[in-house]
Amino acid sequence: MADHISVSQISNYIGQDVVLKGWVYNRTDKGKLSFLLVRDGTGFIQCVAFKGDLTPELFETISHLPQESSVIITGSVREDKRAPGIPGGYEVGIKDLQVVQTADPDYPMSLKDHGPDFALDNRHLWIRMQSQWAILRIRATVMAATREWLDTNGFIEMSTPILTPAAAEGTTTLFETEYFDEGKAYLAQTGQLYNEANIFSFGKVYCFGPTFRAEKSKTRRHLTEFWMLEPEIAFCDLDGLMEVEEQMLTHIIQRVLRDRMPELKSLGRDISKLEKIVAPFPRISYDDAGKMIDELREKETDPEKKALLAFEWGMDFGAPHETAITNQFETPVFVYGYPSAVKAFYMEPWPGRPEVCKSVDLLAPEGYGEIFGGSERMSDHDLLLSRIRAQKLPEEAFKWYLELRKYGSVPHSGFGMGTERVTSWICGIEHIREAIAFPRTIKRVYP
RNA sequence: UCCUGGCUAGCUCAAUUGGCAGAGCGAGCGGCUGUUAACCGCUAGGUUCUAGGUUCAAGUCCUAGGCCAGGAGCCA
């Protein structure tokens with residue numbers, strides 16, 4: 001028997017006396033009544049103190065409790081439609097209250113809106129707010145559902161190194177650090193190359209960890225440190241990869257809808273939009289996506305937006321292009337077959353069309369853009385070697401990677417999922433920085 | 001790196017043509033038995049980002065700098 005219960009389980013205790021341990025999120029006084037909105041990590045619940053039920057000293061204490069004071073409350077649970085909270089509709093009539101610590105009354109995070117600078121400087125306190133709590137709970141469910149789907153579909157989790165010897169893709173900027181007498185080491189921007197080794201031992205694998213990008217990206221879709229899931233699958237072509245992606249994402253959405261409905265509602269998310277996210281998703285080629293953009297640009301009347309939609313075959317899609325495409329669909333949409341020139345060196349060429357590669361991006365609706373990026377990997381040793389040489393990558397560093405193509409090479413594919421991008425989309429929030437507890441951006445490493 | 005915008009009370013913001021530094025929330029005190037961003041009364045709270053400059057007078061105009069944000073590029 002636990003010595004206290006959690007708010008998330010409150011509906012099991014109607015009519016009973018319970019003990020709650022938590023923090024005063026808000027307090028409203030009304031004469032002989034004092035309403036405390038108490039959070040305990042699992043939910044938010046209204047606790048009501050009535051002067052006539054308590055000693056004068058205790059009521060005086062309760063009606064002056066500062067926001068964020070830590071408390072242990074004993075009281076009786078009852079249903080009441082008026083009661084706010086998560087799940088809401090229940091409240092606790094206070095019979096006793098023990099103050100663990102009276103919070104300093106200068107707590108800076110009022111329950112009103114805050115600007116980004118202030119909110120981020122106070123991120124260690126901001127995460128206590130209901131909106132942030134809901135987002136980060138959903139994030140945890142996204143991650144749990146991801147692992148759940150992979151683990152029940154034959155994948156095993158491999159940990160790939162964070163400290164790596166060289167640029168994996170040779171294109172992006174990496175964080176650099178000294179590594180004893182071995183020269184420079186770099187924080188990993190992907191575990192993919194290692195997972196390509198892992199599949200030859202384990203078949204289907206994934207890694208799920210932090211990844212680092214030192215690019216000076218300054219947008220609502222970028223973090224310098226984010227959590228990326230990367231499955232890699234032996235004997236899998238591009239079509240097989242898309243199937244894995246849509247099945248896994250469908251599972252994630254279903255699990256969030258099942259387990260995090262109160263959190264989604266508290267964020268004001270349009271649930272009906274999430275309920276439509278069921279595999280299969282539309283698959284369109286880069287060529288067709290380009291034509292779609294041409295048509296949309298013709299229809300666009302705003303000259304500024306029109307200019308942003310400028311497109312010619314061969315260029316990568318920017319954020320405005322992705323938004324234009326995804327606005328045509330209610331589910332995520334696959335765009336496959338990008339020009340090889342704008343993608344990484346290791347992607348398998350399209351049969352008969354060497355200028356195109358077997359790459360696929362999964363773009364989320366409502367303007368959220370790329371959430372998954374993947375490809376079928378090049379499986380021919382000599383072709384891969386020629387690409388490494390053509391891109392002037394350090395051949396020695398890729399010696400082991402090339403060897404994978406010498407000993408039992410097979411068609412294989414994999415993708416990366418941006419956890420915070422998926423979470424942002426599911427939550428319907430404006431900025432990716434709210435989808436991780438302590439965001440790292442180009443201008444922030446504090447707190 | 002480039003483009004754009006912002007910086008005034010703890011927070012969110014207002015301040016007309018250059019003319020007395022303001023409000024709401026938060027904090028403190030008091031009132032009210034059903035509050036949901038409660039309400040009502042009272043109190044405290046300011047180096048207007050920094051440094052120069054113009055002016056009788058600068059939150060406002062000029063110059064330089066700092067910080068933050070949004071977007072582009074790049075990417076998940």
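These numbers come from a predicted model, not from an experiment. Chain identifiers are assigned alphabetically (A, B, ...) following the order of the sequence lines, protein sequences preceding nucleic acid strands; residue numbering begins at 1 within each chain.
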### Task
Rounded to the nearest 0.5 Å, what's the gap from OH on Y401(A) to OH on Y194(A)? Could you check?
11.5 Å
### Query
How long is the line joining CZ of R421(A) and C1' of C74(B), in whole Å?
10 Å
### Message
Over all strands shown, is K51(A) touching base, sugar-phosphate only, or nothing at heavy-atom distances under 4.0 angstrom?
### Response
nothing
### Query
NA contact type, P105(A), heavy-atom cut-off 4.0 Å: base, sugar-phosphate, or nothing?
sugar-phosphate
### Task
Using only side-chain N and O atoms of H431(A), determine if any of them is under 4.0 Å from OP1 or OP2 of G70(B).
yes
### Task
Could you pull out the closest heavy-atom pair between L97(A) and L58(A), with the gap in Å?
O-CD1, 3.6 Å
### Task
Using a heavy-atom cut-off of under 4.0 Å over every strand shown, decide if D361(A) touches base, sugar-phosphate, or nothing.
nothing
#### Entry: L125(A) CG to G10(B) P, straight-line distance once rounded to whole Å
17 Å
### Task
Rounded to whole angstrom, note down the P distance from U48(B) over to G22(B).
14 Å
### Query
Does the ring of F226(A) meet both stacking tests against the six-membered base ring of A76(B): centre distance under 5.5 Å and plane angle under 30°?
yes
### Message
Distance check, rounded to the nearest 0.5 Å: F35(A) atom CZ versus I94(A) atom CD1?
### Response
10.5 Å
### Task
Describe the nucleic acid contact of M417(A) in one word from base, sugar-phosphate, nothing, applying a heavy-atom distance below 4.0 Å.
nothing
### Message
Can you see if the side chain of H222(A) gets near the phosphate of G70(B) - specifically, an N or O under 4.0 Å from OP1 or OP2?
### Response
no
### Query
E230(A) pairs by side-chain contact (heavy atoms from CB on, under 4.5 Å) with which of T211(A), T190(A), V205(A)?
T190(A)
### Task
State whether the distance check finds a donor on one side and an acceptor on the other, under 3.5 Å, for side chain K218(A) versus base A69(B).
yes
### Query
Ignoring hydrogens and angles, are the base of C74(B) and the side chain of S217(A) linked by a donor-acceptor pair under 3.5 Å?
yes
### Query
Would you say E330(A) has more than 12 foreign heavy atoms packed within less than 6.0 Å of its CD?
no
### Query
Given that M228(A) and L308(A) both sit by RNA chain B, which one's nearest nucleotide is further toward the 5' end?
L308(A)
### Query
CH2 of W126(A) to CZ of F118(A): how many Å apart, nearest 0.5 Å?
11.0 Å
### Interatomic distance, F59(A) CZ vs C32(B) P [rounded to whole Å]
10 Å
### Query
Base, sugar-phosphate, or nothing: which does F372(A) touch, judged by heavy atoms less than 4.0 Å apart?
sugar-phosphate
## Note on the structure
Between the OG atom in S34(A) and the CG atom in L65(A), the distance rounded to the nearest 0.5 Å is 7.5 Å
### Query
Would you say a side-chain N or O of K30(A) is under 4.0 Å from OP1 or OP2 of G34(B)?
yes
#### Entry: Side chain of K216(A) (C-beta onward), nearest among C74(B), U1(B), U35(B)
U1(B)
Measure all distances between protein nitrogen or oxygen atoms and nitrogen or oxygen atoms of nucleotides 11-13 of chain B, and list the pairs falling under 3.5 Å.
| unit_1 | atom_1 | unit_2 | atom_2 | d |
| --- | --- | --- | --- | --- |
| C11(B) | O2' | D113(A) | O | 3.4 |
| C11(B) | O2' | H114(A) | ND1 | 3.0 |
| U12(B) | OP1 | G115(A) | N | 2.7 |

### Query
How about D113(A): does its CG atom have over 12 heavy atoms from other parts shown lying under 6.0 Å from it?
no
### Task
Measure the distance from CZ on R220(A) to C1' on C74(B) and round it to the nearest whole Å.
17 Å
Report each atom pair, protein N/O against N/O of nucleotides 41-47 of chain B, whose distance is under 3.5 angstrom.
none

### Query
Given that L223(A) and R444(A) both sit by RNA chain B, which one's nearest nucleotide is further toward the 5' end?
R444(A)
### Message
Base, sugar-phosphate or nothing for E420(A)? Non-hydrogen atoms, less than 4.0 Å.
### Response
nothing
### Message
I'd like the C1' distance from U55(B) over to G73(B), given in whole Å.
### Response
45 Å
### Query
If you look at every heavy atom in S6(A) and D40(A), which pair is closest and at what distance?
CA-OD2, 3.3 Å
### Task
Working to the nearest 0.5 Å, report the span between NZ of K273(A) and CD1 of I253(A).
13.5 Å
### Query
Considering only the C1' atoms, how many Å lie between U47(B) and C56(B), rounded to the nearest integer?
23 Å
### Query
Looking at the rings of F212(A) and Y186(A), which for Trp means the six-membered one, are their centres under 6.0 Å apart?
no
### Query
When the ring planes of F334(A) and F281(A) are compared, do they come out parallel, tilted or perpendicular, using 30° and 60° as the limits?
tilted
### Query
Expressed in angstrom and rounded to an integer, what is the separation of Y338(A) atom OH from C75(B) atom P?
11 Å
### Query
Considering only the P atoms, how many Å lie between U54(B) and C62(B), rounded to the nearest integer?
15 Å
### Short side-chain donor-acceptor distance under 3.5 Å, E232(A) and Q192(A)
no
### Task
For P320(A), report the nucleic acid contact type (base, sugar-phosphate, nothing); a contact means any heavy atom under 4.0 Å.
sugar-phosphate
### Task
For this output row, return yes or no: ring centroids of F398(A) and F345(A) closer than 6.0 angstrom.
yes
#### Entry: Close aromatic pair by centroid cut-off 6.0 Å: Y13(A) and Y90(A)
no
### Task
Pick base, sugar-phosphate or nothing for E430(A), based on heavy-atom distances below 4.0 Å to the nucleic acid.
nothing
#### Entry: Atom-to-atom span, CG of D29(A) to P of C40(B) - whole angstrom
15 Å
### Query
If you measure from the P atom in G66(B) to the same atom in C25(B), how many Å do you get, rounded?
39 Å
### Task
Determine the contact category for I371(A): base if any of its heavy atoms lies under 4.0 Å from a base atom, sugar-phosphate if only primed atoms, P, OP1 or OP2 are that close, otherwise nothing.
sugar-phosphate
### Task
Looking at every strand, decide which applies to R27(A) at a 4.0 Å heavy-atom threshold: base, sugar-phosphate, or nothing.
nothing
### Task
Could you tell me whether the phosphate oxygens of A72(B), OP1 or OP2, come under 4.0 Å of any side-chain nitrogen or oxygen in R221(A)?
yes
### Task
Using atom CD1 of I432(A) as one end and atom P of C74(B) as the other, report the distance to the nearest whole Å.
18 Å
### Summary
Applying the Watson-Crick and G-U criteria (both distances under 3.5 angstrom) with [ ] for crossing and | for other-strand pairs, one obtains for RNA chain B (((((((..((((.....[..)))).(((((.......))))).....(((((..]....))))))))))))....
### Task
With C1' as the reference atom in both, quote the distance from G30(B) to A44(B) in angstrom, rounded to an integer.
15 Å
### Query
With rounding to whole Å, what would you report as the distance between A57(B) and C13(B) at their P atoms?
33 Å
#### Entry: Integer-rounded Å distance: G34(B) P and Y90(A) OH
24 Å
### Query
Roughly how far apart, to the nearest Å, are C40(B) and C32(B) at atom C1'?
9 Å
